[in-house]
Asker: 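Dumping the structure here so I can ask a few things about it.
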Amino acid sequence: MTFRSSPIPPGVLTAGAVTFTVFAWASAFVSIRSAGAAYSPGALALGRLLAASLVLGVLLLIRRQGLPPREAWRGILVSGVVWFCGYTIALNWGERLVDAGTASLLVNTGPILMALLAARLLGEALPPRLLAGMAVSFVGAVVVGLSMSSGSGGSTSLLGVVLCLLAAVAYATGVIAQKPALSYGTPLQITAYSCMTGAVACLPFTGQLLDELPRAPASATLNMVYLGVVPTALAFTTWTYALARMPAGRLGATTYAVPAIVVLLSWALLAEVPGWLTLLGGLLCLAGVAVSRYAPRTPRTPRTPHAPATPVDGTPPAPAKGNRT
């Protein structure tokens with residue numbers, strides 16, 4: 001989406017876009033938890049993607065952007081099936097078994113998995129700090145799994161942890177698949193048609209959606225529509241706007257705030273707060289991501305003015321013109 005000129009300074013617009021994206025993505029975990037009480041994982045995914053596809057289709061018409069080039073369709077199809085469909089169903093199912101805060105902590109291991117896939121499939125570097133970060137995050141995931149399995153219905157909760165980790169894998173795989181496609185189509189095209197592909201992949205759940213829709217409370221249906229319009233369609237647009245105006249690494253670091261916001265929203269809206277052991281495991285997951293993404297700054301060598309050469313006979317050089325001695 002292209003934003004028209006505005007009297008608001010560009011820096012303020014960029015900061016606003018980043019803030020909106022982070023809060024929208026954080027709110028998705030809470031909305032999934034709420035809507036999941038009335039809709040099954042597949043039906044909720046289909047309803048969300050249909051709402052998002054409608055909004056993105058309107059944006060395509062407004063921007064007059066047609067079909068992307070043929071070279072982009074491989075990435076679109078993979079990301080649509082794996083990310084938009086697979087991730088959404090896995091997360092919907094996982095959040096029926098674990099609270100929203102725990103789900104967000106586990107899904108935020110995605111950046112590490114993304115880097116690993118990029119190294120394997122795209123030939124990107126795999127530095128030691130990435131391996132160290134992966135080890136820390138793995139320990140965190142184990143701690144979360146143990147904390148969830150120690151309570152009542154432990155096996156079911158452990159399944160929820162596994163599903164959230166599968167969602168992180170699907171998220172990372174989808175991003176890696178989309179990256180080459182962005183070389184051929186616009187971000188709006190790739191996002192819109194990936195979302196539409198995901199909606200088509202979820203069509204087998206049409207019967208469930210039609211069966212559950214009349215019986216679901218209005219609040220659950222509104223949450224489903226909200227998931228499609230705000231976190232899926234609009235948040236991806238503001239993310240693209242910010243990405244064009246600031247470094248990708250710096251922008252990616254802003255997603256570290258998502259789990260903290262999710263925990264606060266879950267506490268305020270759902271009265272859910274993860275246990276201290278679960279929070280410890282989640283913090284280890286995020287610490288692993290931070291370690292893997294940390295890049296120490298290379299110190300800059302200050303430039304020193306070129307000193308006038310001293311003559312061979314030892315006579316001090318004449319002062320530069322205009323300088324006082």
Side-chain angles (χ1 to χ4, degrees), residues 1 21 24-25 27-29 31-32 35-36 39-61 65-96 103 107 110 113-114 117 163-182 184-210 212-213 221 223-240:
M1 175 181 284
T21 302
W25 285 353
S27 68
F29 289 92
S31 291
I32 290 172
Y39 288 100
S40 59
L44 180 58
L46 176 59
R48 172 180 181 174
L49 293 177
L50 287 176
S53 297
L54 178 61
V55 174
L56 290 169
V58 172
L59 293 178
L60 284 174
L61 292 176
Q65 296 184 14
L67 292 172
R70 182 178 58 184
E71 295 82 358
W73 277 99
R74 180 179 179 181
I76 288 174
L77 293 176
V78 173
S79 64
V81 173
V82 176
W83 187 6
F84 283 81
C85 175
Y87 164 86
T88 306
I89 293 175
L91 183 59
N92 291 348
W93 190 1
E95 283 208 50
R96 301 185 80 173
V107 170
L113 303 173
M114 198 183 308
L117 290 174
L163 287 168
C164 290
L165 291 176
L166 286 176
V169 173
Y171 157 57
T173 304
V175 172
I176 296 301
Q178 265 197 350
K179 187 174 181 179
L182 287 169
Y184 303 101
T186 66
L188 177 58
Q189 285 178 319
I190 303 304
T191 300
Y193 287 102
S194 294
C195 182
M196 294 174 187
T197 300
V200 171
C202 288
L203 285 179
F205 300 103
T206 302
Q208 291 183 8
L209 179 61
L210 294 178
E212 295 169 2
L213 187 61
T221 302
N223 269 305
M224 180 173 64
V225 175
Y226 171 83
L227 284 167
V229 175
V230 180
T232 306
L234 298 183
F236 272 100
T237 303
T238 53
W239 174 266
T240 304

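Atoms considered below: every heavy atom in the structure, side chains included; atoms not considered: hydrogens, waters and symmetry mates.
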Asker: Which pair of non-hydrogen atoms, one from Cys85 and one from Gly198, has the smallest distance, and what is that distance?
Answerer: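 Minimum heavy-atom separation between Cys85 and Gly198: CB-O, 3.9 Å.
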
Asker: Among all residues two or more places apart in sequence or in another chain, which pass the side chain to side chain contact (heavy atoms under 4.5 Å, CB included) test with Leu210?
Answerer: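 Result, side chain to side chain contact (heavy atoms under 4.5 Å, CB included) vs Leu210: Thr206.
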
Asker: Please list, one pair per line, the donor and acceptor atoms closer than 3.5 Å that link side chains of residues 41-48 to other protein atoms, with sequence neighbours excluded.
Answerer:
residue	atom	partner	partner atom	Å
Arg48	NE	Leu227	O	3.4
Arg48	NE	Thr232	OG1	2.8
Arg48	NH2	Thr232	OG1	3.1

Asker: For Ala51, which residues count as a side chain to side chain contact (heavy atoms under 4.5 Å, CB included) partner, sequence neighbours excluded?
Answerer: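 If we apply the side chain to side chain contact (heavy atoms under 4.5 Å, CB included) test to Ala51, skipping adjacent residues, there are no hits.
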
Asker: Suppose we screen for side chain to side chain donor-acceptor pair (under 3.5 Å). Which residues come up paired with Thr197, at least two apart in sequence or across chains?
Answerer: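 Checked Thr197 against side chain to side chain donor-acceptor pair (under 3.5 Å); zero matches.
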
Asker: Tell me the closest heavy-atom pair linking Val82 and Ala170, and the distance in Å.
Answerer: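 Smallest heavy-atom distance, with atoms named: O-CB, 3.4 Å.
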
Asker: For Ala90, give me all partners under side chain to side chain contact (heavy atoms under 4.5 Å, CB included), at least two apart in sequence or on another chain.
Answerer: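 Checked Ala90 against side chain to side chain contact (heavy atoms under 4.5 Å, CB included); matches are Ala167.
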
Asker: So which heavy atom on Ala177 is nearest to which on Val78, and how close?
Answerer: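 Shortest heavy-atom separation between Ala177 and Val78 comes out as CB-CG1, 3.5 Å.
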
Asker: Would you please name every residue forming a ring pair (Phe, Tyr, Trp, His ring centres under 6.0 Å) with Phe29, sequence neighbours left out?
Answerer: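 Here no residue qualifies.
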
Asker: If you compare all heavy atoms of Gly228 against all heavy atoms of Ala52, which two are closest, and at what distance to 0.1 Å?
Answerer: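 Nearest heavy atoms, Gly228 then Ala52: O-CB, 3.2 Å.
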
Asker: Which pairs with one or both residues in residues 39-60 pass ring-ring contact (aromatic ring centres under 6.0 Å, His included), sequence neighbours excluded?
Answerer: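 Listed by first then second residue: nothing to list.
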
Asker: What distance separates Cys202 SG from Ile89 CD1, expressed to the nearest 0.5 Å?
Answerer: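 Between atom SG of Cys202 and atom CD1 of Ile89 there are 4.0 Å.
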
Asker: Look up atom CD1 in Ile76 and atom CD in Glu71, then write down how far apart they are to the nearest 0.5 Å.
Answerer: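 Interatomic distance, Ile76 CD1 to Glu71 CD, rounded to 0.5 Å: 11.0 Å.
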
Asker: Can you find a heavy atom in the side chain of Leu67 that is under 4.5 Å from one in the side chain of Tyr193?
Answerer: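 Yes. Closest side-chain heavy atoms under 4.5 Å.
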
Asker: Between atom CG of Leu59 and atom CG of Leu56, what is the distance when rounded to the nearest 0.5 Å?
Answerer: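 Going from the CG atom of Leu59 to the CG atom of Leu56 covers 6.0 Å.
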
Asker: Test of understanding: with side chain to side chain donor-acceptor pair (under 3.5 Å), list the residues that count as partners of Ser40, not counting sequence neighbours.
Answerer: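 Once residues adjacent in sequence are excluded, the partners of Ser40 under the side chain to side chain donor-acceptor pair (under 3.5 Å) criterion are Gln208, Glu212.
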
Asker: Show me the pairs that pass side-chain hydrogen bond (donor to acceptor under 3.5 Å, both in side chains) and involve residues 49-61, at least two apart or across chains.
Answerer: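 Counting only pairs at least two positions apart or across chains, no side-chain hydrogen bond (donor to acceptor under 3.5 Å, both in side chains) contact touches residues 49-61.
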
Asker: Within the distance-only criterion (no hydrogens, no angle test), does the side chain of Gln189 pair as donor or acceptor with the backbone N or O of Gly66 below 3.5 angstrom?
Answerer: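 Answer holds: yes.
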
Asker: How close do Phe84 and Thr191 get, heavy atom to heavy atom, and via which atoms?
Answerer: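 Reported closest heavy-atom pair: CZ-O, 4.0 Å.
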
Asker: With Leu91 as reference, evaluate Leu166, Leu163, Ile32 under the side-chain contact (heavy atoms from CB on, under 4.5 Å) test and give the passing residue.
Answerer: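 Of Leu166, Leu163, Ile32, side-chain contact (heavy atoms from CB on, under 4.5 Å) with Leu91 is met by Ile32 alone.
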
Asker: Identify the heavy atoms of Ala72 and Ala181 that sit nearest to each other, and give their distance.
Answerer: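 What the structure gives for the nearest pair is O-CB, 3.6 Å.
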
Asker: What residues form a side chain to side chain contact (heavy atoms under 4.5 Å, CB included) with Val225, not counting sequence neighbours?
Answerer: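 Counting only residues at least two positions away or on another chain, Val225 forms a side chain to side chain contact (heavy atoms under 4.5 Å, CB included) with Val229.
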
Asker: Who pairs with Tyr226 by side chain to side chain donor-acceptor pair (under 3.5 Å), at least two apart in sequence or on another chain?
Answerer: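 Scan of Tyr226 (side chain to side chain donor-acceptor pair (under 3.5 Å), adjacent residues dropped) gives Ser27.
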
Asker: Could you note down all residue pairs passing side-chain hydrogen bond (donor to acceptor under 3.5 Å, both in side chains) where residues 75-93 supplies at least one of them, sequence neighbours left out?
Answerer: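 Output for this query lists Ser79-Ser194.
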
Asker: How far does CG of Leu50 sit from CE of Met196, to the nearest 0.5 angstrom?
Answerer: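 Interatomic distance, Leu50 CG to Met196 CE, rounded to 0.5 Å: 10.5 Å.
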
